[in-house]
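Notes for the one structure printed next.
Just so it is clear, the values below take in all heavy atoms, side chains as well, and ignore hydrogens, waters and symmetry mates. Both ligands and their constituent atoms are indexed starting at 1 by order of listing.
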Amino acid sequence: MSSYDLHCHSRVSDGTLSPSELVRRAHAQGVGVLALTDHDDLRGWAEAKRAADACGIELVPGVEISATWGRSTVHIVGLRLDPAHAAIVEGLARNRAGRTERARRIADELARHGIGGAFEGAYALAENKELIGRTHFARFLVEQGRVKDVRTVFRKYLVKGKPGYVHHEWAELSEAVDWIRQAGGQAVLAHPGRYNFGREKLRLLFAEFRAAGGEAVEVVSGSQTPDQVPVFADLALEFGLAASVGSDFHAPGEGGRELGRLQPLPERCRPVWAAW
Ligand code: AMP
Ligand code: MN
Ligand code: MN
Ligand code: MN
């Protein structure tokens, strides 16, 4: 039985390793099946696939789509999709198009709180200039010596109610699921434990995600805590969703995460890879 890690990021989005470095690191960590799931971009696939074939790890084409659900942002992972399919390629280009303007608004908000030069700082740290994200702002704030680490930034800045937060309209949840399905992939609700939703809102999200064509939910995630595993295992079962696992690795030494370092999936879960 291979070990699975179905969620991680390269420099094509907000990771710090190139796609091939990421694949080689996963292989060295004992991962047997890896999905590359950069935010809103599939352009790491070709390089990652060459590296995967060279070292003998199984690579799954994937993506993590930023989506709007009501007034909230949620993330939808797509797995085993065709990375050249027009529906998703064009949809993701639209999602990316709003990011630079959003980054300017984030920088304006930070400037209002006395932090200047944030746009230029984040821009310089983003390898993919179409994909400036909050992680790049977070690393800039750490680099400036304002905050000790990225995790702390996301408690004090860039989130609802804190300096540097701005609302943004991404693709609708149902659109994101549609793009994935049209490209032949499976839609997975990413890290439901990170949205700070109460029980009833979570149940509504699971129901709407399922109704939109979603197939699985991340039960084990580097972006969730160990005590959330049984909670989401039960909810997955209740809503007839399969279960996925992913480290959400971004950078060596950042956030205490490592590729492939994941708790086992509870026995009662149906793994998203059961029919692969
Ligand atoms: P964006 O797509 O620009 O909104 O950025 C979202 C990214 O910010 C996520 O993929 C994570 O990499 C990072 N992030 C968001 N919330 C947190 C958090 N609480 N702790 C650490 N990283 C976070
Ligand atoms: Mn990220
Ligand atoms: Mn995410
Ligand atoms: Mn992620």
Do [X] and [Y] share a hydrophobic cluster (ILVMFWY, side-chain heavy atoms under 4.5 Å, transitive)?
{"X": "Ile76", "Y": "Val219", "answer": "yes"}
{"X": "Tyr123", "Y": "Val12", "answer": "no"}
{"X": "Leu173", "Y": "Leu81", "answer": "yes"}

* Asked: Parallel, tilted or perpendicular: which describes the rings of Phe197 and Tyr195, with under 30° parallel and over 60° perpendicular?
  ->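 Tilted: the ring planes of Phe197 and Tyr195 meet at 30° to 60°.
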In ligand 1, which numbered atoms sit nearer than 4.0 Å to a non-hydrogen atom of [X]?
{"X": "Arg99", "answer": "1 (P), 2 (O), 3 (O)"}
{"X": "His250", "answer": "10 (O), 12 (O)"}
{"X": "Gly133", "answer": "3 (O)"}
{"X": "Asp14", "answer": "7 (C), 10 (O), 12 (O)"}
{"X": "Arg194", "answer": "9 (C), 15 (C), 16 (N)"}

In [X], the N, O or S atom nearest to the Mn ion (ligand 3) is which?
{"X": "His75", "answer": "ND1"}
{"X": "His191", "answer": "NE2"}
{"X": "Glu64", "answer": "OE2"}

* For Lys129, does the NZ atom have more than 12 heavy-atom neighbours from other residues, nucleotides or ligands under 6.0 Å away? ->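 Buried by this count: over 12 neighbours within 6.0 Å.
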* More than 12 heavy atoms from other groups under 6.0 Å of CZ on Arg203 ->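 Counting neighbours around CZ of Arg203, more than 12 heavy atoms of other residues, nucleotides or ligands fall under 6.0 Å, so yes.
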* To do: Quick one: list whatever passes side-chain hydrogen bond (donor to acceptor under 3.5 Å, both in side chains) with Arg268, sequence neighbours left out.
  =>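 Residues passing side-chain hydrogen bond (donor to acceptor under 3.5 Å, both in side chains) with Arg268: Asp234.
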* Asked: If every non-hydrogen atom of Arg102 is compared with every non-hydrogen atom of Gly133, which pair is closest and at what distance?
  ->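 Taking every non-hydrogen atom into account, NH1-CA, 4.3 Å.
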* Give the atom name of whichever N/O/S atom in His250 sits closest to the Mn ion (ligand 2). =>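 It is NE2 of His250.
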* For ligand 1, does His39 get within less than 4.0 Å through its side chain, its backbone, both, or neither, judged by non-hydrogen atoms? ->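 The answer is the side chain.
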* Is it the side chain, the backbone, both or neither of Arg102 that has a heavy atom closer than 4.0 Å to ligand 1? ->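 For Arg102, the contact with ligand 1 is made by the side chain alone.
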* To do: Check step by step if salt bridge (charged side-chain N to carboxylate O under 4.0 Å, His left out) holds for Glu130 and Arg43.
  => CA-CA 12 Å; Glu130 290 181 12; Arg43 287 175 289 184; 2.9 Å; yes
For [atom], what is the closest protein heavy atom, and at what distance to 0.1 Å?
{"atom": "atom 7 (C) of ligand 1", "answer": "Thr135 OG1, 3.5 Å"}
{"atom": "atom 6 (C) of ligand 1", "answer": "Arg134 NH2, 3.7 Å"}
{"atom": "atom 15 (C) of ligand 1", "answer": "Phe154 CE2, 3.4 Å"}

* Applying side-chain contact (heavy atoms from CB on, under 4.5 Å) between Ser244 and each of Val77, Val217, Leu6, report the one that passes. =>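 Considering Val77, Val217, Leu6, a side-chain contact (heavy atoms from CB on, under 4.5 Å) with Ser244 is found only for Leu6.
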* **ligand 1 N/O within reach of His9 N/O, cut-off under 3.5 Å** =>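 No: no nitrogen or oxygen of His9 is under 3.5 Å from one in ligand 1.
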* **Angular separation of OD1 (Asp14) and NE2 (His39) seen from the Mn ion (ligand 2), to 10°** =>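 Roughly 80°, rounded to 10°.
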